[in-house]
Amino acid sequence: MSRALMRTLSAALAVTAIAGAAGCGASAGDHAEPANRPGRLLAGTASANTGDHGTRGGAATMLARGDVDFIDPGRTYYSFAIGIMQALHRTLYSYGPAGTGEPIPDLAERRAVVSSGGRTVTVRIRPGVRFSPPVDREATSADVKYAIERGFTAAVGNGYAPAYFGDIVGAPRKPGAYREIPGIETPDARTVVFRLARGTGRALADALVMPLSAPVPKEYARPFDARPESAYGEHQVFTGPYMIANDASGRVVGYKPGESIHIVRNPSYRKAGDFRPAYVDEWTIRQGNEDSALTARRVLAGESLVSGDGGVPPTVLKQALRRNRSQISMKPSGGWRGISLNTQSRPFHDIDVRKAVLAGFDREALRLARGGEAVGPIAQHWIPPGIQGYEQAGGLHAPGDPDFMRNPKGDKALMASYFRAAGMASGRYEGDGTVLMVSDSAEPERTVAQIAEQQLRDMGFKTRLRLLERSTMLTRFCGVPGSGVDVCTGMGWLKDFPDAQTMLDPTFNGDNILPANNSNWPQLDVASLNAEIGRAKLVTDPAKRAAAWAGVDRAIVAHAPAVPYVFDYEPIVASKNVSLAQNAYSTLVDLSFTSLK
């Protein structure tokens, strides 16, 4: 993911600038419009292997901290799971480890055609792509149509479908029973046409890299989707070079929730224009490795091992840079890390209380828990470096320079003035209620949570901190309406695709607050902001679009819904016998490009 004005981790890190493709303006009629991509700044070790010329064969193991949120490609919205899905399913478009600006046509045969008014998107499907057993037939446009339709059902409840696909004509306003969406047309087996009520076709076309666009055979999946909660994930079929091991009926016996995921080659796979080399024969993802320092050391000293979603702690990373440089890869995460404040619950329903918290928070202390200045700059707003709108939003400075964001180390006097504005004469929080905090139990999130809790206590809050496994935290507590959680720490958000909408729309738009799979963790719902987001979605000119989303960024900061604290790098490590490839989109190990030496 992208970074601008990012310091290198050390002299050992080579930084390569890759210019992304600039989007062209609309012309009369329908045209194939390149995505509007910023320049990219990718960081990796000087000897990092891109995986382009690997050796085929062998078995490798990923040591992961936690489970995926959902194994179903139509339900998942966790970056760890999306990274796995990239090897299992052929979405319409995808990204490889190089991280160039343009998405790669995958199940699609060529670029999407977006009409000049942005109300129609046409995609041509590639022939020869087959489903794994027991379906074992060619994927068609009808399978893409059903995949997206099921995302709007209550049984699937896709977390981003309303944000990127909600303007399709006839798309449901709320999750409910399955019904066909008339705005998704399939004039033949190889063509999908999306007709939109508004000119948001550019964002929809970009969103076709998401797992929701992976084809799903209706005749096979519909009985599983007809249940109150879809069971398709445990019986899914695959179109990628790999699949989760299954039995003759299609049940994915290779997935043991909370324990492991066993990935093997897809026997029905046909290359059919696929860009993935798929070197390794077999992958095993072992979960439950919550001690990230121990896990990273095991990987570095072991054989045929790679790190998963646990990260690499600062102490291990510094040592590895001296001793194991060839075993490390780092790419900018293209996202932010922050602490969300529930704007729908007391006391954070009061904007002056939220501003007091932001004014007094020592955000540098939070960044230090992740590795300090070396891991990235302090985040002063919500559009990361390298994504259009970052500079217009303020760059390294807070947009509009609000006083409560000026001092990353915290300003106690200013904090006190905001508490007084909230009616607390002492200049500290004076309420009686206990603030419920929830965090990931693994490091460094555990330490981040403990630092955040102490800071809130110093401000006068009474707190109770619950430490949970990450997938449990995300699916049952943080941002879930009615869960009773007031503060979620250790939160992070990566781009869905390289556009500011993906950073701000799912996370701060009140229209996207969902009863399940919700990613608007602060539950921010401000009518004027929601309307401004709606207007920004319709802008297609690159410069005007960047300015529009920068304006949204400024408005979000002004509402103080969360504490941003770093735009960070994402490090991964591998054993010496592994030629490591890091995917620039998911920032995880790229299962299809990593090989064994």
Side-chain angles (χ1 to χ4, degrees), residues 70-76 85 88-93 106-109 121-162 164-166 168-172 174-195 204 207-240 243-244 246-252 266 268-270 272 517:
F70 300 102
I71 201 69
D72 185 336
R75 302 185 75 188
T76 185
M85 295 295 165
L88 305 178
H89 297 279
R90 296 190 66 173
T91 50
L92 287 173
Y93 299 89
D106 192 352
L107 178 62
E109 195 170 47
V121 178
T122 304
V123 179
R124 187 72 173 161
I125 302 294
R126 193 185 300 274
V129 178
R130 299 188 68 84
F131 289 111
S132 63
V135 173
D136 201 13
R137 66 161 172 82
E138 190 167 314
T140 70
S141 56
D143 302 315
V144 174
K145 173 180 168 67
Y146 179 69
I148 295 171
E149 289 172 337
R150 69 188 291 270
F152 284 90
T153 66
V156 175
N158 181 277
Y160 54 85
Y164 304 135
F165 300 91
I168 297 174
V169 172
K174 294 181 179 180
Y178 169 75
R179 68 173 188 262
E180 289 197 34
I181 299 177
I184 307 177
E185 301 175 0
T186 54
D188 58 58
R190 291 182 55 200
T191 305
V192 182
V193 180
F194 301 94
R195 300 199 184 279
L204 183 147
L208 297 176
V209 300
M210 300 296 288
L212 186 61
S213 78
V216 175
K218 184 176 182 179
E219 77 279 7
Y220 171 77
R222 188 73 193 95
F224 300 116
D225 288 343
R227 303 178 187 182
E229 183 174 344
S230 174
Y232 175 69
E234 291 74 37
H235 300 268
Q236 65 187 290
V237 288
F238 308 86
T239 49
M243 59 180 280
I244 302 174
N246 68 4
D247 61 19
S249 70
R251 186 169 64 93
V252 288
N266 177 356
S268 297
Y269 172 71
R270 300 293 183 271
N517 300 346

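All values reported here derive from a predicted model rather than from experimental measurement. Throughout, residue positions are numbered sequentially from 1 according to the sequence presented.
- In this structure, CZ in R90 is found 5.5 Å from OH in Y269, a value given to the nearest 0.5 Å.
- The backbone N or O of M210 sits less than 3.5 Å from a side-chain atom of S213, completing a donor-acceptor pair.
- Remark: P134 engages Y220, V237 in a side chain to side chain contact (heavy atoms under 4.5 Å, CB included) (not counting sequence neighbours).
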Could you walk me through whether E229 and R75 pass the salt bridge (charged side-chain N to carboxylate O under 4.0 Å, His left out) check?
CA-CA 11 Å; E229 183 174 344; R75 302 185 75 188; 3.1 Å; yes
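- In this structure the side chain of V135 reaches within 4.5 angstrom of the side chain of E219, judged on heavy atoms.
- The two residues G151 and L212 have their closest heavy-atom pair at CA-CD1, 3.9 Å.
- Here the side chains of L204 and Y164 are not in contact, with every heavy-atom distance at 4.5 Å or above.
- Although no hydrogens or angles enter the test, the distance criterion places a donor-acceptor pair under 3.5 Å between the side chain of E149 and the main chain of I181.
- In this structure, F165 and F152 approach most closely via the heavy-atom pair O-CZ, 3.6 Å.
- Residues T76 and I71 are not in side-chain contact: their nearest non-hydrogen atoms beyond the backbone lie 4.5 Å or more apart.
- Side-chain atoms of R126 come within 3.5 Å of backbone N or O of D106 as a donor-acceptor pair.
- Note on residues 125-144: no pairs pass ring-ring contact (aromatic ring centres under 6.0 Å, His included), not counting sequence neighbours.
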Assess the residue pair K218 and K145 against the criterion (side chain to side chain contact (heavy atoms under 4.5 Å, CB included)); give the C-alpha distance rounded to whole Å, side-chain angles, the decisive distance to 0.1 Å, and a yes or no.
CA-CA 9 Å; K218 184 176 182 179; K145 173 180 168 67; over 6 Å; no
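- Summarising the geometry of P211 relative to P73, their closest heavy-atom pair is CB-O, 3.2 Å, with the distance given to 0.1 Å.
- Considering only heavy atoms from C-beta on, F238 comes within 4.5 Å of H89 through its side chain.
- With N266 contributing its side chain and M243 its backbone, the two residues share no donor-acceptor pair below 3.5 Å.
- For the pair Q236 (side chain) and I244 (backbone), a donor-acceptor distance under 3.5 Å is absent.
- Counting non-hydrogen atoms of neighbouring residues, nucleotides and ligands closer than 6.0 angstrom, the CZ atom of R251 reaches no more than 12 such neighbours.
- Put simply, the side chain of R190 gets close to the backbone of I125: a donor and an acceptor are under 3.5 Å apart.
- Residues Y93 and V123 are in side-chain contact: their nearest non-hydrogen atoms beyond the backbone lie under 4.5 Å apart.
- Taking each heavy atom of A272 and P127 in turn, the nearest pair found is CB-O, 3.7 Å.
- Here the closest non-hydrogen pair linking D72 and S230 is OD2-OG, 3.9 Å.
- T191 OG1 to E185 CD: the interatomic distance, rounded to the nearest 0.5 Å, is 11.0 Å.
- Considering only heavy atoms from C-beta on, T239 stays 4.5 Å or farther from L107 through its side chain.
- Taken to the nearest 0.5 Å, the CZ atom of F194 stands 5.5 Å off from the CD1 atom of I168.
- Using a 4.5 Å cut-off on side-chain heavy atoms (C-beta onward), Y146 and D225 make contact.
- In plain terms, the two heavy atoms of V192 and S141 that are nearest each other are CG2-CB, 3.5 Å.
- The CD atom of E234 sits 13.0 Å away from the CG atom of N246 when rounded to the nearest 0.5 Å.
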